[in-house]
Amino acid sequence: MGKNKKPPRLKARLPKGLRDIDASEIRARDAMLRAIRDVYESYGFEPLDTPAFEYTDALGKFLPDQDRPNEGVFSFQDEDEQWLSLRYDLTAPLARHVAENYEALPKPFRRYQTGSVWRNEKPGPGRFREFIQFDADTVGASSVAADAEMCMLAADALEALGVKRGDYVIRVNNRKVLDGVLSSIGIDPHADEQLGTRLTILRALDKYERLGSDGVKLLLGDGRKDESGDFTKGAGLTSHQTEPLMKFVMAQEQGRDSTLGSMEGLVQGNEIGQQGIDELRSMDAVLTASGCEDDRVAFDPSIVRGLDYYTGPVFEAELTFEVKDEKGRPVRFGSVGGGGRYDGLVARFKGQPVPATGFSIGVSRLYTALTALGQLKDAEPFGPVVVSVFDKAAIADYQALVTRLRDADIRAELYLGNGKMGQQFKYADQRGAPCVVIQGPDEKERGEVQVKDLIEGAKAAQSVASNEEWRSERPAQFAVSEDKLVEAVREVLARHRD
RNA sequence: GCCGCUGUAGCUCAGUUGGUUAGAGCGCUUGAUUGUGGAUCAAGAGGUCCCUCGUUCGAAUCGAGGCAGCGGUACCA
C-alpha cells in the first residue's frame, strides 16, 4: 500500500446540467433556427437581441437571500453589489425592453428572439440547465386574434421543421375559464387566503395528461404517493368539489366546437368563465377562417401552464408520435413549446396595463425529438478533403494543392500533424474525409497526384482479407495529372453526394 | 427539497467466505508493414477501487457519515 507519489490531477468535468455541443448538432441546430426564423419573419416579426443577464428585479425574481439562495435562477452581484441574474426566459427581458423603450416602439410591437436561457433547477432526462428558446411575441394587442395568430405561428413553425401534420398538436385553454370553474366550486381565484389551494388545484389539473384521472383525483383530495414512495400532499378538496373539476378536465371532445360546448356547460353563467369561453370562441373563428383546423390547434381544458404569469389564453405545443430511447423504452417528449397571454408583465414597469401574448419554442428539446424521429439530415455529410504530407520538405507544394481545392469551393486542409502516412490516413478517416490527396516523389516526377476515395475504399476493405492484398491493391485510389486535381476530387464528391 | 438505486482503467463491466502484486472486453499508443485507413498478430501505456472515519493481523469487499451520478417526485415566477 505505497503512497501515491503523483500530484493529484485536476478533474476535467462539466458542470451538471450543462453540455458541450458537437459539430453535427450545431449544424442541425442552425438549420432549425433558420427554418423557424423564416416562418417568424413571414408573419412580420422583427428580430431583437437582449443580453444574457439582467438586473434580478427586472426578471421579477426575488433577491436571493440566505433562506433561498438562487431559487430557480443563477445570480451574482456586480462591483456595486447590485444583483444580476442570467435570464431564465426571453419574455421577462422583452417586457423590460418594451417598458424602457415604450415611446419609441411601434404599437403593437412584434418581435422574435432566440438565445440560451438558464435555469437553476435539477436537471433531468432531456432537461438541462442551459437551453435554447425561440420566441415570438406581440406586445400591445389585446385582441385574441393575436393569440390565435400565435397558435398558427407555432403550427407553421413545427411543420417548417419537418413535423408532419398529425404528429403534433397545439393545445389551447384559457385561464379565465379555469378561474370560472374554481369559482363554481366555491374557491375565489383571487382571494389571498386561497392562493395556495388554487395553485395546488391548477398543478393537479396540469398533470392529467401524465397521471390520468385517478392521479389527479388523489392530488385534488388527500394526496398521492409516487413510484419511489414519495408522498405529494393534495389540495384537500371534498369529493363534492373534486367532481366538477374532474368533469372539467375531461371535457375535451372531438373538435373545438364540441369541446367549447362541454366546457361552457361547466362554467354555468360564471362571468369570468363565460368571458374565457367567448375568447376561445373568437379564437376558433379566426383559426377556422385561416384554414387552421383542429388537427393542428385543439382546445384542451387540462392545459394550465406555469402560474400567475398568464392572464388569458394559454398554449402548449406537443409532439404526439411515440419515440423510443436507446434502450428501446418509449419516451414522451411532452411539450416542445408553450406560451400565452400575459397582460400584466409590462405593467410592472409602466404602471399602465400593456396587453401581450407570445409563444416560445424549446429548440433544444425539439432537436432531441427530431433527431429521434430521424427528421434531421446531417447538413454536412463529409469532412474536408485531406492533403497528406508525404515529404515535409515539399509542404509548400501541398499547401498549393489545398489552396486550389479551396479556390474551387471544396473544403480542404493540409495535414498538420506529425504522423506518418498510416496515421495521416487514420486521421482523414476520423475526420470523415471523402478522399485524401497524395503526392510522393514518384507522382511529383510524373506531374501527377493520387486521389484516394476513402468511402469507396472502406467498402472495398470488407472483401480484402490479407494485409498484403490490402496494401498492394490500394483500393479506390487513382492517379490523375496534377492539373486535373479539382475535377477528380469533384468526381469523388459527386459519387457520394447522396 | 424528498424517496430509491449506483460509485472499480478513457468507456462497459467482473472481482469468490475480508487475504499477498486488483482483472477482462472495447478504446488508445507502438510495432509486424522505413509509400496507405480496414482485418490479423504482438507489445505497451493507463487505477486515490468516490472521500473520511471506524471494525480487523489484514478492507475494493464489513459499518457509519459525507460527496457525486442516475432515476422518480416536487418546484420551475
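Just so it is clear, the structure is predicted and the values come from calculations on it, not from any experiment. For the numbers below, each heavy atom of this structure counts, side chains included, while hydrogens, waters and symmetry mates do not. Reminder, nothing fancy here: chain letters follow the sequence lines and each chain counts from 1.
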In Watson-Crick or G-U wobble terms, both distances under 3.5 Å, what is the partner of [N]?
{"N": "rC62(B)", "result": "rG54(B)"}
{"N": "rU40(B)", "result": "rA32(B)"}
{"N": "rU17(B)", "result": "none"}
{"N": "rG27(B)", "result": "none"}
{"N": "rC70(B)", "result": "rG4(B)"}

Quantified in whole Å, what is the [atom1] atom distance between nucleotide [N] and nucleotide [M]?
{"N": "rG58(B)", "M": "rC2(B)", "atom1": "C1'", "answer": "40 Å"}
{"N": "rU61(B)", "M": "rU20(B)", "atom1": "C1'", "answer": "16 Å"}
{"N": "rU12(B)", "M": "rC50(B)", "atom1": "P", "answer": "15 Å"}
{"N": "rG44(B)", "M": "rC49(B)", "atom1": "P", "answer": "23 Å"}
{"N": "rG23(B)", "M": "rA60(B)", "atom1": "C1'", "answer": "12 Å"}
{"N": "rA59(B)", "M": "rA42(B)", "atom1": "C1'", "answer": "37 Å"}
{"N": "rU6(B)", "M": "rG63(B)", "atom1": "P", "answer": "12 Å"}
{"N": "rA64(B)", "M": "rG46(B)", "atom1": "P", "answer": "36 Å"}

Asp343(A): which residues meet the salt bridge (Lys or Arg N to Asp or Glu O under 4.0 Å) condition with it, sequence neighbours left out?
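If we apply the salt bridge (Lys or Arg N to Asp or Glu O under 4.0 Å) test to Asp343(A), skipping adjacent residues, the hits are Arg341(A).
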
Tell me what Lys207(A) touches on the nucleic acid: a base, only sugar-phosphate, or nothing, going by heavy atoms under 4.0 Å.
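The answer is sugar-phosphate, as Lys207(A) gets under 4.0 Å only of primed atoms, P, OP1 or OP2.
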
Taking any heavy-atom pair under 4.0 Å as a contact, classify Arg127(A): base, sugar-phosphate, or nothing.
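Base contact.
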
Atom-pair distance ([atom1] on [X]; [atom2] on [N]), nearest Å:
{"X": "Leu218(A)", "N": "rU73(B)", "atom1": "CG", "atom2": "P", "answer": "15 Å"}
{"X": "Gln430(A)", "N": "rG27(B)", "atom1": "CD", "atom2": "P", "answer": "12 Å"}
{"X": "Arg305(A)", "N": "rC75(B)", "atom1": "CZ", "atom2": "P", "answer": "14 Å"}
{"X": "Asn120(A)", "N": "rG1(B)", "atom1": "CG", "atom2": "C1'", "answer": "13 Å"}
{"X": "Arg224(A)", "N": "rA74(B)", "atom1": "CZ", "atom2": "C1'", "answer": "11 Å"}
{"X": "Lys16(A)", "N": "rC50(B)", "atom1": "NZ", "atom2": "C1'", "answer": "16 Å"}
{"X": "Arg210(A)", "N": "rC76(B)", "atom1": "CZ", "atom2": "P", "answer": "13 Å"}
{"X": "Glu121(A)", "N": "rG72(B)", "atom1": "CD", "atom2": "P", "answer": "15 Å"}

How do Pro123(A) and Leu219(A) order along RNA chain B: which one's closest nucleotide is nearer the 5' end?
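Its nearest nucleotide lies further toward 5', so the answer is Pro123(A).
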
Please find the pair of heavy atoms, one from Val449(A) and one from Glu482(A), that lie closest to each other, and give the distance.
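Heavy atoms of Val449(A) and Glu482(A) come nearest at CG1-CG, 4.0 Å.
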
With rounding to the nearest 0.5 angstrom, report the CG to CG distance, Asn173(A) to Leu178(A).
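The distance works out to 4.5 Å.
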
Looking at CG of Leu454(A) and CZ of Phe382(A), how far apart are the two atoms once the value is rounded to the nearest 0.5 Å?
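Here the interatomic distance stands at 11.0 Å.
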
Sugar-phosphate or base contact per nucleotide [nucleotides 34-43 of chain B; S, B, -; heavy atom under 4.0 Å]
-BBBBB----

Would you confirm whether Gln439(A), through its side chain, and Glu448(A), through its main-chain N or O, come within 3.5 Å as a donor-acceptor pair?
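The answer is yes, because a donor-acceptor pair under 3.5 Å joins these two groups.
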
Could you check whether the rings of Phe359(A) and Phe315(A) sit parallel, tilted or perpendicular, using 30° and 60° as the cut-offs?
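Correct class here is parallel.
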
Give me the one residue out of Asp49(A), Asp135(A), Thr50(A) that meets side chain to side chain donor-acceptor pair (under 3.5 Å) with Gln113(A).
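Going through Asp49(A), Asp135(A), Thr50(A) one by one, the side chain to side chain donor-acceptor pair (under 3.5 Å) with Gln113(A) is satisfied by Thr50(A) alone.
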
Is the shortest distance from a Lys or Arg side-chain nitrogen in Asp137(A) or Arg111(A) to a carboxylate oxygen in the other one below 4.0 Å?
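Salt bridge present between Asp137(A) and Arg111(A).
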
Does Arg129(A) put a side-chain nitrogen or oxygen below 4.0 Å from OP1 or OP2 of rC76(B)?
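No, because none of the side-chain N or O atoms of Arg129(A) sits under 4.0 Å from OP1 or OP2 of rC76(B).
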
Take Tyr168(A) and Ile170(A), measure what side-chain contact (heavy atoms from CB on, under 4.5 Å) needs, and give me the verdict at the end.
CA-CA 7 Å; Tyr168(A) 73 91; Ile170(A) 314 296; 4.2 Å; yes

